[in-house]
Amino acid sequence: AQSVTQPDIHITVSEGASLELRCNYSYGATPYLFWYVQSPGQGLQLLLKYFSGDTLVQGIKGFEAEFKRSQSSFNLRKPSVHWSDAAEYFCAVGNNAGNMLTFGGGTRLMVKP
Amino acid sequence: DAMVIQNPRYQVTQFGKPVTLSCSQTLNHNVMYWYQQKSSQAPKLLFHYYDKDFNNEADTPDNFQSRRPNTSFCFLDIRSPGLGDAAMYLCALAGGGDQETQYFGPGTRLLVL
């Protein structure tokens with residue numbers, strides 16, 4: 001069965017600092033990987049996804065993520081965080097047979113001024 | 001323009017009083033999902049439709065039902081809401097040339113009094 005682990009429940013960074021959110025997955029085949037962001041009281045917005053090809057993927061809002069098969073990881077990064085990035089971030093793995101998503105537990109990002 | 005529309009955004013109901021949540025889409029995508037998300041948790045899939053084919057998750061309570069009268073609309077019916085059903089309900093869709101990616105609506109926050 002597929003699973004996703006986001007080891008950090010909460011992360012606090014200063015505005016302008018770099019950010020890395022960790023995601024580890026377990027899946028037998030080549031995974032479909034996603035990062036979503038959720039602001040309070042809102043739905044989930046897709047930041048980026050990886051299906052195949054270049055292992056470094058660019059997303060919206062200046063985010064990128066790198067797929068590392070050897071580490072079963074898909075960490076999300078941003079070089080300079082803005083106060084508006086404060087939100088909950090979910091990593092998810094999809095099975096390419098039936099487009100079912102398995103979510104990680106989420107990481108809540110707080111941004112200090 | 002919004003791709004996934006959920007109405008209402010906030011719903012208050014009484015314990016045991018049936019409630020219906022609505023989801024509509026402007027993309028004509030064939031797959032629609034309903035998720036339940038409780039505070040500080042990841043979304044939990046309740047069921048999904050692939051076209052008109054209904055797929056219920058094994059652990060979705062019988063209290064939750066769904067209808068999809070046409071491609072554009074999908075409804076979540078909670079027959080007898082309990083206090084534990086208070087949550088955010090998220091609708092998502094997939095389809096077109098990208099069946100593997102789910103796009104989420106803004107959600108409906110349900111409060112049970």
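It should be emphasised that the depicted structure is a prediction, and the values quoted were computed from it without experimental measurement. Reminder, nothing fancy here: chain letters follow the sequence lines and each chain counts from 1.
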Next item on the list: Check the hydrophobic clustering (I, L, V, M, F, W, Y; side-chain heavy atoms under 4.5 Å; chains of links allowed) and say if A:Tyr89 and A:Ile60 are grouped together.
Entry: yes

Next item on the list: Output all residues satisfying side-chain hydrogen bond (donor to acceptor under 3.5 Å, both in side chains) with A:Gln38, sequence neighbours left out; order by chain, then residue number.
Entry: B:Gln37

Item checked: Donor-acceptor side-chain pairing of B:Ser72 and B:Gln25 below 3.5 angstrom -> no

Next item on the list: Consider only side-chain heavy atoms of I, L, V, M, F, W and Y, link residues closer than 4.5 Å, and tell whether B:Phe75 and B:Ile5 are in one cluster.
Entry: no

Item checked: Choice from B:Pro43, B:Cys91, B:Ala94, B:Gly105 maximising heavy atom contacts with chain A below 4.5 Å -> B:Pro43

For residues 103-112 of chain A, please give each side-chain donor-acceptor pair under 3.5 Å, one per line with the distance, not counting sequence neighbours.
from, atom 1, to, atom 2, distance (Å)
A:Thr107, OG1, A:Gln6, NE2, 3.4
A:Thr107, OG1, A:Asp8, O, 2.6
A:Arg108, NE, A:Glu88, OE1, 3.2
A:Arg108, NH2, A:Glu88, OE1, 2.9

Checklist line | Contact origin within B:Gln41 toward chain A - heavy atom pairs under 4.5 Å | finding: backbone

Item checked: Test item: side-chain donor near acceptor, B:Ser80 and B:Asn63, under 3.5 Å -> no

Next item on the list: Please go through B:Leu46's hydrophobic cluster and name the other residues, only I, L, V, M, F, W, Y counting, with side-chain heavy atoms under 4.5 Å joining them.
Entry: B:Phe15, B:Val19, B:Leu21, B:Trp34, B:Phe47, B:Tyr49, B:Phe54, B:Phe64, B:Leu76, B:Ile78, B:Leu83, B:Tyr89, B:Leu110, B:Val112

Margin query: Within residues 41-51 of chain A, which residues come under 4.5 Å of chain B, heavy atom to heavy atom?
Written below: A:Gly41, A:Gln42, A:Gly43, A:Leu44, A:Leu46, A:Lys49, A:Phe51

